[in-house]
Amino acid sequence: MKNTKAKNAAFFGILVALAFTLSYLESLIPFNFGVPGIKLGLANLVVVTALYLYGIKAALPIALIRIVLAGLTFGNVNSLLYSLGGGLLSLLIMWAVKNTKLSVVGVSVLGGVTHNIGQIAVAALMMNTVRIVYYLPVLLVAGTVTGFLIGTAASLTNKKLSKFVTQE
């Protein structure tokens, strides 16, 4: 039993480090579609993988630690708040629908879409205007595309890693 806990703790640490590293790599990629705020969300691959392999008890701290570390390292207070709003809403929705008939890809698409909804909600509160909602359709399309890509990668990753993960 202790060996299983030690393996899971080590794997958890690796997932946090990987999520932070992917956030860093993404910050280096000049990803410009002419629309600000659109990102691939590479670190979300780790969160979706953790959600499926370990559940919400592992995915939540991984997401929070990654968001705070990346926000403090590569961003500012505003980007940290946007990321927290989007990331936590996204994770909550993915957790809520994970055990439905949706595939990993479908869950990830919902996560990508709700991430953008969370960010727009935070922006509307911070800017004290609802006019920012007009930007939402563009972000929903981007969230669908990136959610599909991340979900596809997570599905493949989960298949490979599931044989190495032992449940407590």
Side-chain angles (χ1 to χ4, degrees), residues 15-16 18-52 55-56 58-158:
L15 291 176
V16 169
L18 181 59
F20 182 65
T21 302
L22 289 172
S23 290
Y24 173 68
L25 290 175
E26 188 167 53
S27 76
L28 298 176
I29 298 171
F31 193 70
N32 185 358
F33 286 109
V35 180
I38 296 176
K39 294 170 119 182
L40 285 172
L42 294 175
N44 293 327
L45 170 62
V46 179
V47 174
V48 173
T49 298
L51 181 62
Y52 274 88
I56 192 71
L60 179 61
I62 289 170
L64 283 173
I65 292 167
R66 195 271 313 161
I67 289 168
V68 170
L69 285 177
L72 294 175
T73 307
F74 318 121
N76 55 44
V77 174
N78 290 339
S79 65
L80 177 61
L81 292 174
Y82 295 142
S83 293
L84 278 171
L88 293 178
L89 179 62
S90 171
L91 182 57
L92 177 68
I93 296 300
M94 289 190 298
W95 174 62
V97 300
K98 180 185 122 190
N99 292 320
T100 65
K101 292 183 180 183
L102 288 177
S103 67
V104 175
V105 175
V107 169
S108 180
V109 166
L110 270 176
V113 167
T114 55
H115 188 279
N116 290 326
I117 291 170
Q119 286 186 319
I120 289 291
V122 170
L125 289 171
M126 288 175 58
M127 299 166 95
N128 199 26
T129 181
V130 294
R131 293 187 132 178
I132 192 80
V133 172
Y134 292 114
Y135 188 47
L136 192 56
V138 173
L139 291 179
L140 293 180
V141 170
T144 300
V145 171
T146 58
F148 176 81
L149 295 173
I150 295 300
T152 301
S155 181
L156 296 170
T157 302
N158 290 348

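Just so you know, residue 1 is the first one in the sequence shown, and it goes up from there.
When all heavy atoms of Ser108 and Gly151 are compared, the pair lying nearest together is OG-N, 3.1 Å. Minimum interatomic distance between Asn116 and Leu136 (heavy atoms only, all atoms of both residues): O-CD1, 4.1 Å. In terms of heavy-atom proximity, Ala63 sits nearest to Leu91 at CB-CD2, 4.1 Å. Heavy atoms only, all atoms of each residue included: Ile150 and Gly41 are closest at CD1-O, 3.5 Å. In terms of heavy-atom proximity, Val97 sits nearest to Thr100 at O-OG1, 2.6 Å. Residues Gly87 and His115 approach most closely at N-CD2, 3.3 Å, considering heavy atoms.
Looking at Asn44, its side chain never comes within 3.5 Å of a backbone N or O of Val47 through a donor-acceptor pair. In this structure, Thr49 contributes its side chain and Leu45 its backbone to a donor-acceptor pair below 3.5 Å. One N or O on the side chain of Ser103 and one on the backbone of Gly106 form a donor-acceptor pair closer than 3.5 Å. With hydrogens and angles ignored, the 3.5 Å screen pairs no side-chain donor or acceptor of Glu26 with any backbone N or O of Ala43. With hydrogens and angles ignored, the 3.5 Å screen pairs no side-chain donor or acceptor of Gln119 with any backbone N or O of Gly85. Distance alone, capped at 3.5 Å, places no donor-acceptor pair between the Ser83 side chain and the Leu80 backbone. A donor-acceptor pair is defined here as one N or O able to donate and one able to accept, closer than 3.5 Å; no such pair exists between the side chain of Ser155 and the backbone of Thr152.
Of the inter-residue distances, the one linking Ile132 atom CD1 with Met126 atom CE reads 10.5 Å to the nearest 0.5 angstrom. For the atom pair CG (Leu42) and CG (Leu22), the distance works out to 5.5 Å, reported to the nearest 0.5 Å. Here Thr21 contributes atom OG1 and Arg66 contributes atom CZ; the two are 11.5 Å apart, rounded to the nearest 0.5 Å. The CG atom of Leu88 sits 5.0 Å away from the CG atom of Leu64 when rounded to the nearest 0.5 Å. The distance from atom CE of Met94 to atom CG of Leu89, rounded to the nearest 0.5 Å, is 10.0 Å. The CD1 atom of Ile56 sits 5.5 Å away from the CG atom of Leu51 when rounded to the nearest 0.5 Å.
Residue-environment remark: CZ (Phe74) exceeds the threshold of 12 foreign heavy atoms within 6.0 Å.
The only member of Leu140, Ile93, Thr146 that meets side-chain contact (heavy atoms from CB on, under 4.5 Å) when paired with Val113 is Leu140.
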Problem - Criterion side chain to side chain contact (heavy atoms under 4.5 Å, CB included) on Tyr52 and Val107, from CA distance to verdict - result: CA-CA 10 Å; Tyr52 274 88; Val107 169; 3.1 Å; yes
Practice task
Could you please spell out the steps behind the side chain to side chain contact (heavy atoms under 4.5 Å, CB included) verdict for Phe20 and Thr73?
Solution key: CA-CA 10 Å; Phe20 182 65; Thr73 307; 3.8 Å; yes
